[in-house]
Number of protein chains: 2
Amino acid sequence: MTDTTTINPSAERIVFAAAELFRRQGFAATGLKAIATEAGLPIGSIYHHFPGGKTELGETVIRITGAGFQELVETIIDAGTNLVSGIDDAFAGAAATVEASDYADACPIATLALEIASTNEPMRQASDRAFTGWIDALTGRIEAAGCDRKTARATAISVLSLLEGAFLFSRASRSVEPLHAAGTSAVALVRAAISD
Amino acid sequence: MTDTTTINPSAERIVFAAAELFRRQGFAATGLKAIATEAGLPIGSIYHHFPGGKTELGETVIRITGAGFQELVETIIDAGTNLVSGIDDAFAGAAATVEASDYADACPIATLALEIASTNEPMRQASDRAFTGWIDALTGRIEAAGCDRKTARATAISVLSLLEGAFLFSRASRSVEPLHAAGTSAVALVRAAISD
DNA sequence: GTCTATAATTTGATAGAC
DNA sequence: GTCTATCAAATTATAGAC
């Protein structure tokens with residue numbers, strides 16, 4: 001399973017069904033049978049498209065949804081009149097999405113990544129690649145806004161850490177207060193970084 | 001299961017065994033049989049001490065380890081010459097612990113909290129209570145250092161979000177860079193908050 | 001309180017017909 | 001490629017002897 005450019009074949013339906021269940025229930029708690037049912041296919045189809053079983057499916061879900069989340073955030077940030085307001089918009093959008101989904105849909109891969117970090121090396125590497133993509137993309141934008149590369153990278157990691165931590169606290173408390181507080185702090189950090 | 005003041009009875013052994021396995025493998029991936037084996041007891045003992053089954057055990061683990069983590073962080077912060085250097089020490093200590101455990105031991109409840117946030121209300125409330133304790137404790141210290149209550153709370157939430165997000169990125173990348181970057185940003189946020 | 005045995009269900013995975 | 005049937009193992013949970 002390498003490409004996802006084809007339009008709505010079975011493999012894609014499986015990936016999207018798995019992504020939704022993994023995000024809401026976690027990786028270990030989601031059975032392949034539940035994924036097959038949600039995708040409207042028998043379980044044999046999963047093994048046809050993902051011979052590596054649950055781990056290969058997990059890797060694919062992390063890669064696809066990680067790239068999708070990055071693209072979404074990049075689009076919001078780049079639509080802002082400048083980097084600072086773009087980041088402000090990203091946190092506000094995250095808060096709106098989390099609230100609209102009744103605190104179910106936050107980061108598409110954080111739960112998976114924590115579950116398997118110490119027990120499944122292929123999936124851990126997939127999550128690392130996804131996060132690295134996010135960090136590099138944000139680092140480039142902060143650097144371009146006027147900041148040395150080292151500070152830009154540390155700031156990018158901090159902004160994304162604020163987002164991930166706030167996702168956790170928002171889901172646990174069923175409140176968007178953490179995302180608003182973290183957004184304010186992220187804006188302050190970026191403003192300070194590019195005004196040096 | 002309410003108290004844990006008694007010295008090393010079976011219930012306590014069960015809680016500690018479960019805490020270690022939950023932290024490293026997650027909640028759903030850890031079976032009660034594995035917990036019983038790790039605790040050196042038969043599975044029947046778990047149901048004797050925790051009639052509510054896995055959920056009641058999960059709630060207890062969250063409560064106990066959440067309180068323990070709070071106490072640990074408070075001790076480190078309060079040992080610093082001032083709040084800012086105390087927070088710096090806390091992030092440095094977290095990085096050292098994560099690295100020493102080969103990137104297995106980070107936040108004791110984050111993985112659990114994300115796994116069950118949308119599917120197990122008693123456990124979700126337990127995680128919310130634990131996080132609220134951390135936020136309140138840090139808010140009080142920032143306020144005492146010279147800051148209005150509203151800013152202190154937003155800063156506390158941001159500092160803890162930085163820590164949680166950095167835990168995630170550190171485990172996924174098997175690197176302490178995120179914890180160092182987040183620590184630097186946390187120090188900057190607190191410094192700015194108390195110098196208003 | 002401890003421990004054994006077991007029920008009922010679900011898990012990931014495989015084989016093979018179509 | 002699709003789908004059915006099935007396996008061996010693991011899951012939570014319970015009943016009851018000691």
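Below, each value reflects all heavy atoms present in this structure, side chains not excepted, and no hydrogens, waters or symmetry copies. Letters go in sequence order (proteins before strands), and every chain restarts at 1.
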Begin with the C-alpha distance, continue with both residues' side-chain angles, and end with the deciding distance and a verdict on side-chain hydrogen bond (donor to acceptor under 3.5 Å, both in side chains) for A/N120 and A/T55. CA-CA 8 Å; A/N120 187 316; A/T55 289; 2.9 Å; yes

Could you tell me whether the phosphate oxygens of C/dG1, OP1 or OP2, come under 4.0 Å of any side-chain nitrogen or oxygen in B/S45? no

Find the distance A/I14:CD1 to D/dG1:P and express it as a whole number of Å. 11 Å

For A/R149, give me all partners under salt bridge (Lys or Arg N to Asp or Glu O under 4.0 Å), at least two apart in sequence or on another chain. A/E143

Return the value, rounded to whole Å, for the distance between atom CD1 of B/I35 and atom P of D/dA10. 16 Å

Under the ring-ring contact (aromatic ring centres under 6.0 Å, His included) test, which residues partner A/F167, sequence neighbours left out? none

Return the set of residues passing ring-ring contact (aromatic ring centres under 6.0 Å, His included) with B/F27 (not counting sequence neighbours), or none when no residue passes. B/F22

Contacts of type side chain to side chain contact (heavy atoms under 4.5 Å, CB included), residue A/D128, not counting sequence neighbours: A/R124, A/T132, B/S173

Write out all pairs satisfying side-chain hydrogen bond (donor to acceptor under 3.5 Å, both in side chains) with one or both partners inside residues 26-42 of chain B, taking only residues at least two apart or from two chains. B/Q25-B/T30

Measuring to OP1 and OP2 of C/dC3, would you say a side-chain N or O of B/H48 lies under 4.0 angstrom away? no

Whole Å only: how far is the CG atom of B/L41 from the P atom of C/dC3? 6 Å

Specify the separation, in whole Å, of atom CD1 of B/I46 and atom P of D/dT11. 11 Å

Establish, with yes or no, whether the OP1 or OP2 oxygen of C/dG1 is under 4.0 angstrom from a side-chain nitrogen or oxygen of B/S10. no

Between atom CG in B/L21 and atom P in D/dT11, what is the gap in whole Å? 11 Å

If the sugar-phosphate is the primed atoms plus P, OP1 and OP2 and the base is the rest, what is the B/S/- string for nucleotides 11-18 of chain C, using protein heavy atoms under 4.0 Å? BBBB----

